[in-house]
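The first residue in the sequence is number 1, and the count goes up from there.
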Amino acid sequence: EWFDYASYSYLATVIALVFFPDEDRFVAVMSTFAVFALSFLVRPIGAIFWGNMGDKKGRKWALSVSILLMSGATFLIGCLPGYAVIGVGAPLLLLLLRMVQSFSAAGEYAGAATFIAEYAPHNHRGFYCSMVPASTATGLLIGSALATFMFMTWGHDSSFVTEWGWRIPFWLALPLGYITHYIRTHLEDSPVYAQMQERMKEMGEK
């Protein structure tokens with residue numbers, strides 16, 4: 001998630017060229033960041049949805065499904081045609097996919113932290129949970145490093161970067177998302193969640 005967020009931010013000038021009219025470069029860049037900002041409006045809705053589903057169907061289910069939605073939406077962003085091909089449909093599709101990505105990502109951060117906290121030993125819980133924000137910083141670092149490498153190697157306005165290069169970080173989401181989904185589907189829900197389900201079942205029987 002954060003790798004792609006960093007890539008989107010650092011490649012904003014390129015994405016602006018691809019998805020918005022090029023008459024006014026400043027307006028195009030501002031529109032690109034507006035899409036980035038608007039997608040966060042669905043974040044609270046996603047948090048409520050995934051939090052509720054995590055309690056009902058399990059942490060593993062919520063994390064397994066949310067990663068598929070998030071990585072799928074991210075991958076499709078890299079496949080979108082530009083403004084020159086489909087006109088205003090390009091930025092609208094970009095906004096839609098960014099909102100799907102943000103909606104599903106709302107279940108990732110808190111869901112992962114909850115899952116780790118329920119599994120972690122009592123004397124190492126803080127350390128284990130710190131891996132979640134640490135991974136966020138790592139994703140931002142790698143995303144910015146990749147964008148910097150492309151700009152230093154090919155330049156901001158090269159045909160490679162504007163046609164294909166900017167898509168690479170988004171395409172990487174598909175194999176990474178599949179690997180993560182595979183790992184999560186082969187995990188067991190935490191003992192804490194299992195105990196909670198047993199208590200709820202006993203209360204229902206009484």
*Asks:* As a quick check of understanding, evaluate side-chain contact (heavy atoms from CB on, under 4.5 Å) for Leu140 and Ser144, giving each step before the final call.
*Replies:* CA-CA 6 Å; Leu140 292 171; Ser144 62; 5.9 Å; no
*Asks:* Where do Ile77 and Arg167 come nearest, in terms of heavy atoms and distance?
*Replies:* O-NH1, 4.4 Å
*Asks:* Rounded to the nearest 0.5 Å, what separation is found between the CZ atom of Arg25 and the CG atom of Asp22?
*Replies:* 8.0 Å
*Asks:* Are any of the side-chain heavy atoms of Tyr178 and Phe75 separated by less than 4.5 Å?
*Replies:* no
*Asks:* Tell me, please, whether Tyr8 has Arg98 positioned over its six-membered ring: NZ or CZ under 6.0 Å from the ring centre and within 45 degrees of its axis?
*Replies:* yes
*Asks:* With heavy-atom distances below 4.5 Å as the criterion, would you say the side chains of Ser130 and Phe127 are in contact?
*Replies:* yes
*Asks:* Would you check, one step at a time, whether the test side-chain contact (heavy atoms from CB on, under 4.5 Å) holds for Val18 with Trp166?
*Replies:* CA-CA 10 Å; Val18 176; Trp166 73 270; 3.8 Å; yes
*Asks:* Describe, in one word, how the ring planes of Tyr5 and Trp2 are oriented to each other, choosing from parallel (under 30°), tilted (30 to 60°) and perpendicular (over 60°).
*Replies:* perpendicular
*Asks:* What orientation do Phe160 and Trp154 show, parallel under 30°, tilted 30 to 60°, or perpendicular over 60°?
*Replies:* tilted
*Asks:* So, does Thr74 use its side chain to make a donor-acceptor pair with the main chain of Phe170 at under 3.5 Å?
*Replies:* no
*Asks:* So, taking the atom named OG1 in Thr185 and the one named CD1 in Ile67, what distance separates them when rounded to the nearest 0.5 Å?
*Replies:* 12.0 Å
*Asks:* Mind checking whether Ser31 and Val27 have side chains closer than 4.5 Å, heavy atoms only?
*Replies:* yes
*Asks:* About how many Å separate OG of Ser9 and CZ of Phe33, when rounded to the nearest 0.5 Å?
*Replies:* 5.5 Å
*Asks:* Check the pair Leu63, Thr180 against side-chain contact (heavy atoms from CB on, under 4.5 Å), reporting the backbone distance first and the verdict last.
*Replies:* CA-CA 9 Å; Leu63 288 170; Thr180 306; over 6 Å; no
*Asks:* According to a hydrophobic-cluster definition based on side-chain heavy atoms being under 4.5 Å apart (Ile, Leu, Val, Met, Phe, Trp, Tyr only), do Ile15 and Val85 belong together?
*Replies:* yes
*Asks:* Do NZ/NE/NH1/NH2 and the carboxylate oxygens of Arg59 and Glu118 come within less than 4.0 Å?
*Replies:* yes
*Asks:* How about Phe3 and Leu172: do any of their side-chain heavy atoms sit closer than 4.5 Å?
*Replies:* yes
*Asks:* Is it the case that the side chain of Ser104 and the backbone of Gln101 share a donor-acceptor pair, with hydrogens and angles ignored and the cut-off at 3.5 Å?
*Replies:* yes
*Asks:* Are the side chain of Ser71 and the backbone of Gly177 linked by a donor-acceptor contact shorter than 3.5 Å?
*Replies:* no
*Asks:* Could you please spell out the steps behind the side-chain contact (heavy atoms from CB on, under 4.5 Å) verdict for Glu188 and Tyr119?
*Replies:* CA-CA 10 Å; Glu188 295 293 334; Tyr119 255 118; 3.8 Å; yes
*Asks:* So for atom CZ, which belongs to Arg125, do other residues, nucleotides or ligands contribute more than 12 heavy atoms lying within a distance under 6.0 Å?
*Replies:* yes
*Asks:* Quick check: closest heavy atoms across Gly155 and Ser158, and the distance to 0.1 Å?
*Replies:* O-OG, 3.5 Å
*Asks:* Output yes when a side-chain donor or acceptor of His124 lies under 3.5 Å from a complementary backbone atom of Ala120, and no otherwise.
*Replies:* no
*Asks:* Under 4.0 Å between a Lys/Arg side-chain N and an Asp/Glu carboxylate O for Glu108 and Arg43?
*Replies:* no
*Asks:* Hey, what do you get for OG (Ser102) to CG (Leu69), rounding to the nearest 0.5 Å?
*Replies:* 12.5 Å
*Asks:* Given 3.5 Å as the limit, does a donor-acceptor pair link the side chain of Lys60 with the main chain of Leu187, or not?
*Replies:* yes
*Asks:* How long is the span from the CZ atom in Phe103 to the OG atom in Ser39, to the nearest 0.5 Å?
*Replies:* 13.5 Å
*Asks:* Which heavy atom of Pro21 sits nearest a heavy atom of Ala28, and at what distance?
*Replies:* O-CB, 3.8 Å
*Asks:* For residues Ala6 and Gly139, report the shortest heavy-atom separation together with the two atoms involved.
*Replies:* CB-O, 4.3 Å
*Asks:* Give the minimum heavy-atom separation between Gly165 and Met150, together with the two atoms involved.
*Replies:* O-SD, 3.3 Å
*Asks:* Can you tell if the side chain of Thr32 reaches within under 4.5 Å of the side chain of Phe19, non-hydrogen atoms only?
*Replies:* no
*Asks:* Kindly work out whether a path of hydrophobic side-chain contacts (I/L/V/M/F/W/Y, heavy atoms less than 4.5 Å apart) joins Met99 to Phe49.
*Replies:* yes
*Asks:* Does one hydrophobic cluster hold both Val14 and Phe36, with members joined at side-chain heavy-atom distances below 4.5 Å?
*Replies:* yes
*Asks:* Hey, what's the ring geometry for Trp50 with Trp61, parallel, tilted or perpendicular (30° and 60° as the breaks)?
*Replies:* tilted
*Asks:* Are there over 12 heavy-atom neighbours, none belonging to Phe40, within less than 6.0 Å of that residue's CZ?
*Replies:* yes
*Asks:* If hydrophobic clusters are built from ILVMFWY residues whose side chains come within less than 4.5 Å, do Leu80 and Ile168 share one?
*Replies:* yes
*Asks:* Tell me whether Leu68 is reachable from Met70 by hopping between hydrophobic residues (I, L, V, M, F, W, Y) whose side-chain heavy atoms are closer than 4.5 Å.
*Replies:* no
*Asks:* Is there a donor-acceptor pair under 3.5 Å between the side chain of Arg184 and the backbone N or O of Ser64?
*Replies:* no
*Asks:* Roughly how far, to the nearest 0.5 Å, is the CG atom of Leu38 from the CG atom of Leu94?
*Replies:* 11.0 Å
*Asks:* Does the side chain of Leu11 reach to within under 4.5 Å of the side chain of Phe151, using non-hydrogen atoms?
*Replies:* yes
*Asks:* Of the non-hydrogen atoms in Pro169 and Ser7, which two are nearest, and what is the gap between them?
*Replies:* CB-OG, 3.4 Å
*Asks:* I'd like to check Val100 versus Val42 (side-chain heavy atoms, cut-off strictly below 4.5 Å). Are they in contact?
*Replies:* no
*Asks:* Taking side chain as C-beta onward, heavy atoms only, is Tyr128 less than 4.5 Å from Pro121?
*Replies:* yes
